[in-house]
Amino acid sequence: MARVVVWLLIFSLWSAPAGAGWGSLSLSDEAELARKFDLVIETRFPPVQDTVVLDYVQGLVDRLLAVMPPQPFPVRVTVVEHPALNAFASPAGRVTVFTGLIAQLESEDELASVLAHELAHVSERHVAQGIERSQYLSVGTLIGMLAGALLGAGGKSESGQALMLGSVAGASSLAFKYSRENERAADQLGFATLVDAGFDPMAMPRAFTRMRRLQWLGGGGNTPSYLSTHPALEERTTALEARAREIAAQRQPQPSATASRFALVQTLVRAAFTPPESAKALFRSQEVRDPCQAALGLGMASARLHQTAEAEAGLTRAMACPQIRPVAAREMGRLLLSLGRVSQAVEFLRAAQQGLPGDVTTGVLLAQAFLDLGDAAQAWPLVQPALERFSHDSDLWQLSGRIEAARGKESAAHLAFARSFAFARRWEKYAWHLQRAKALAQTPAERQAISHLEAEVEELQQLVRQLG
């Protein structure tokens with residue numbers, strides 16, 4: 001319960017977005033609320049930065065959105081590293097997907113069904129509606145409710161549920177009543193969206209059943225609140241199954257051009273974000289059924305264990321498979337770069353770049369390689385798309401600082417290092433590099449960039465202090 005109190009104190013210190021009346025939440029108010037909530041998410045869950053994974057999940061979302069009405073916000077998907085079987089919607093069109101969901105579901109259709117459910121919450125603006133209905137509650141309490149949902153989403157359902165109960169106080173029955181109604185509405189709209197987009201109608205009840213079963217096997221706490229806090233789950237799943245059978249009898253799911261991509265993305269997630277020894281055991285069990293994915297997974301997991309020979313052998317086998325060759329080449333380049341075999345790494349990364357045009361992850365690895373070879377001119381443009389997409393990543397800004405220093409851009413280098421240390425919460429080093437950037441700044445653009453960083457870091461420091 002102490003953690004509940006901490007969260008409530010944290011959010012009671014935050015001020016409301018300007019102009020927010022909470023009785024009628026405007027789109028600009030919701031966007032500001034979402035921005036603050038994004039900061040909380042970033043402090044709790046490491047974001048996944050493999051653009052093969054991110055672009056695939058975004059592609060599924062876009063396919064679902066194509067059959068939905070226009071949305072009030074652009075839908076932005078974030079994938080975060082966490083073993084929970086979860087995805088959740090938050091204000092202003094945000095959808096967060098946990099790696100555990102991708103790792104443990106069994107098909108693209110099942111993943112799409114969970115995304116469709118969350119997109120229904122986005123489309124209906126259930127979070128905003130809940131805030132509007134709760135106009136008698138304080139701003140801090142309302143944001144605390146969102147934080148409670150986040151805690152529960154991360155596999156800490158007991159803490160999350162306690163915070164929800166504490167936040168709504170005497171109105172808890174009303175809040176949970178609305179929540180049940182919202183979940184049923186999300187079931188219905190999400191199911192219709194799934195079907196209209198051409199996915200298997202049986203996928204949603206199958207995914208819910210699978211997630212519930214895995215919760216039981218794992219002792220609970222690893223499923224979203226809409227599967228764990230509402231006793232009508234069996235009734236809802238049964239209703240979805242009945243509707244799915246009726247539709248399946250009338251039409252077949254449309255063939256998906258990306259169904260095979262799910263296997264690749266799942267392999268990347270399992271190899272990179274599950275315990276490496278467990279991942280190796282899983283991939284060994286798949287060698288007969290799917291030798292290509294097994295080889296890629298074994299190579300990546302072995303690399304994490306510093307088993308170089310086995311990693312190189314697995315990735316070499318994977319590169320013999322045309323459908324996954326570019327990703328295997330990228331991972332081979334990553335391995336060779338870590339071993340100091342930089343010129344060889346560049347060859348593989350160039351090959352990966354041809355097969356994965358626009359892949360930011362490959363670009364970052366190439367930037368590292370060129371910098372190691374003393375070619376900062378080629379490294380600099382490769383890292384820029386990554387900085388735009390992952391603007392709070394400490395390692396990326398560290399790399400950018402090294403590149404700027406090699407290019408002789410001293411103020412820009414110190415500013416990049418300051419960003420890197422700020423996002424790593426190393427405040428003394430941040431302050432030192434910030435002062436150096438100020439002393440070396442010569443242009444209005446450089447001084448404006450410094451002021452922007454100071455304002456951004458001030459807000460971040462406030463959040464970190466409050467989180468303790």
Query raised in the report: Does Glu108 reach the main-chain N or O of Leu60 with its side chain, forming a donor-acceptor pair under 3.5 Å?
Result: no

Query raised in the report: So which heavy atom on Ile102 is nearest to which on Val57, and how close?
Result: CD1-CG2, 4.1 Å

Query - Sub-4.5 Å side-chain heavy-atom contact between Val346 and Arg350 - result: yes

Report task. Compare all side-chain heavy atoms of Leu264 with those of Leu296 and state whether any distance is below 4.5 angstrom. Result -> yes

**Report entry** Criterion side-chain contact (heavy atoms from CB on, under 4.5 Å) on Leu460 and Arg425, from CA distance to verdict
**Finding:** CA-CA 9 Å; Leu460 179 62; Arg425 320 293 192 261; 4.0 Å; yes

Query raised in the report: Does the side chain of Gln49 pick up a donor-acceptor pair with the side chain of Asp393 at under 3.5 Å?
Result: yes

Query raised in the report: So, do Tyr430 and Phe423 have ring centers that fall under 6.0 Å from each other?
Result: no

Report task. Establish, for the pair Arg94 and Phe73, whether the NZ or CZ atom is under 6.0 angstrom from the six-membered ring centre and no further than 45 degrees off its axis. Result -> no

**Report entry** Closest heavy-atom pair and its distance - Met202, Ala244
**Finding:** SD-CB, 3.2 Å

Report task. Take Gln188 and His117 through the side-chain hydrogen bond (donor to acceptor under 3.5 Å, both in side chains) test and state the conclusion after the steps. Result -> CA-CA 8 Å; Gln188 295 170 7; His117 180 101; over 6 Å; no

Query - CD-CD1 distance between Gln368 and Ile403, expressed to the nearest 0.5 angstrom - result: 8.5 Å

**Report entry** Residue pair Arg402 / Asp372, side-chain heavy-atom distance below 4.5 Å
**Finding:** yes

**Report entry** Exercise: identify the closest heavy-atom pair between Ala203 and Ser113
**Finding:** O-OG, 3.6 Å

Requested in this report: Look at the aromatic rings of His82 and Phe98 and report parallel, tilted or perpendicular, splitting at 30° and 60°.
Outcome: perpendicular

Query raised in the report: How close do Val342 and Ala369 get, heavy atom to heavy atom, and via which atoms?
Result: CG1-O, 3.5 Å

Report summary line: Result for side-chain hydrogen bond (donor to acceptor under 3.5 Å, both in side chains) between Ser420 and one of Arg426, Gln398, Lys429 points to Gln398

Requested in this report: State, with a plain yes or no, whether a side-chain heavy atom of Phe199 is found less than 4.5 Å away from one of Leu64.
Outcome: yes

Requested in this report: Check whether any side-chain N or O of Arg317 sits under 3.5 Å from a backbone N or O of Ala295 as a donor-acceptor pair, and report yes or no.
Outcome: no

Query - Verdict with supporting geometry, Thr99 and Val80, side-chain contact (heavy atoms from CB on, under 4.5 Å) - result: CA-CA 6 Å; Thr99 52; Val80 298; over 6 Å; no

Query raised in the report: So, Thr316 side chain and Glu312 main chain: donor-acceptor pair closer than 3.5 Å or not?
Result: yes

Report task. Decide yes or no for Leu189 and Thr193: does some side-chain heavy atom of the first lie under 4.5 Å from some side-chain heavy atom of the second? Result -> yes

**Report entry** Non-hydrogen side-chain atoms of Leu105 and Val114 separated by less than 4.5 Å
**Finding:** yes

Query raised in the report: Short question: side chain of Arg63, backbone of Ala197 - any donor-acceptor pair under 3.5 Å?
Result: yes

Requested in this report: Check Pro326 against Leu356 and note the closest heavy-atom contact, atom names and distance.
Outcome: CB-CG, 3.7 Å

Report task. Report the distance from atom CZ of Arg325 to atom CD of Gln323, rounding to the nearest 0.5 Å. Result -> 9.0 Å

**Report entry** Short side-chain to backbone donor-acceptor contact, Gln266 and Phe262, under 3.5 Å
**Finding:** no

Query raised in the report: Say you draw a straight line from CD of Glu110 to CG of Leu194; how long is it, rounded to the nearest 0.5 Å?
Result: 10.5 Å

Query raised in the report: Checking side-chain hydrogen bond (donor to acceptor under 3.5 Å, both in side chains) for the pair Gln293/Thr267: CA distance, chi angles, key distance, verdict?
Result: CA-CA 6 Å; Gln293 300 294 345; Thr267 294; 2.9 Å; yes

Query raised in the report: Counting N and O atoms only, with roles assigned by atom type, does the side chain of Ser285 sit under 3.5 Å from a partner on the main chain of Leu282, one being a donor and the other an acceptor?
Result: yes

Requested in this report: Using atom types as modelled and distance alone, determine if a side-chain donor or acceptor of Glu81 lies under 3.5 Å from a backbone N or O of Pro47.
Outcome: no

Report task. Measure from the side-chain N and O atoms of Asp196 to the backbone N and O of Val67, and report whether any donor-acceptor pair falls under 3.5 Å. Result -> no

Query raised in the report: Under 3.5 Å, is there a donor-acceptor pair linking the side chains of Gln58 and Asp62?
Result: yes

Query raised in the report: Mind checking whether Phe421 and Phe417 have parallel, tilted or perpendicular rings, split at 30° and 60°?
Result: tilted

Query - Gap separating the CZ atom of Phe390 from the OG1 atom of Thr361, nearest 0.5 angstrom - result: 6.0 Å

Requested in this report: Starting at CD of Glu331, measure out to CD1 of Ile324 and round the result to the nearest 0.5 Å.
Outcome: 10.5 Å

Query raised in the report: Would a distance-only check, ignoring hydrogens and angles, find a side-chain to backbone donor-acceptor pair under 3.5 Å from Gln384 to Trp380?
Result: yes

Query raised in the report: With the threshold set at 4.0 Å, does a side-chain nitrogen-carboxylate oxygen contact exist between Glu277 and Lys280?
Result: no

Report task. Just do the side-chain contact (heavy atoms from CB on, under 4.5 Å) check on Val97 and Thr78 with the steps written out, would you? Result -> CA-CA 6 Å; Val97 178; Thr78 301; over 6 Å; no

Query raised in the report: Could you go step by step and tell me if Glu404 and His414 meet the side-chain contact (heavy atoms from CB on, under 4.5 Å) rule?
Result: CA-CA 9 Å; Glu404 296 285 33; His414 282 291; over 6 Å; no

Report task. Could you check if a side-chain atom of Thr51 sits within less than 4.5 angstrom of a side-chain atom of Arg389, using non-hydrogen atoms only? Result -> yes

Query raised in the report: How far apart are the C-alpha atoms of Glu310 and Arg284, what are their side-chain angles, what is the distance that settles it, and do they pass the salt bridge (Lys or Arg N to Asp or Glu O under 4.0 Å) test?
Result: CA-CA 12 Å; Glu310 191 171 354; Arg284 286 196 185 100; 3.3 Å; yes

Query raised in the report: Do Arg206 and Phe208 come within less than 4.5 Å of each other through their side chains, counting heavy atoms only?
Result: no

Query raised in the report: Taking atom CZ of Arg334 and atom OG1 of Thr362, what is their separation to the nearest 0.5 Å?
Result: 8.5 Å

Query raised in the report: With no hydrogens and no angle check, is any side-chain donor or acceptor of Arg330 less than 3.5 Å from a backbone partner on Ala352?
Result: no

Report summary line: Closest non-hydrogen contact found for Met68 with Ser123 is CE-CB, 3.5 Å

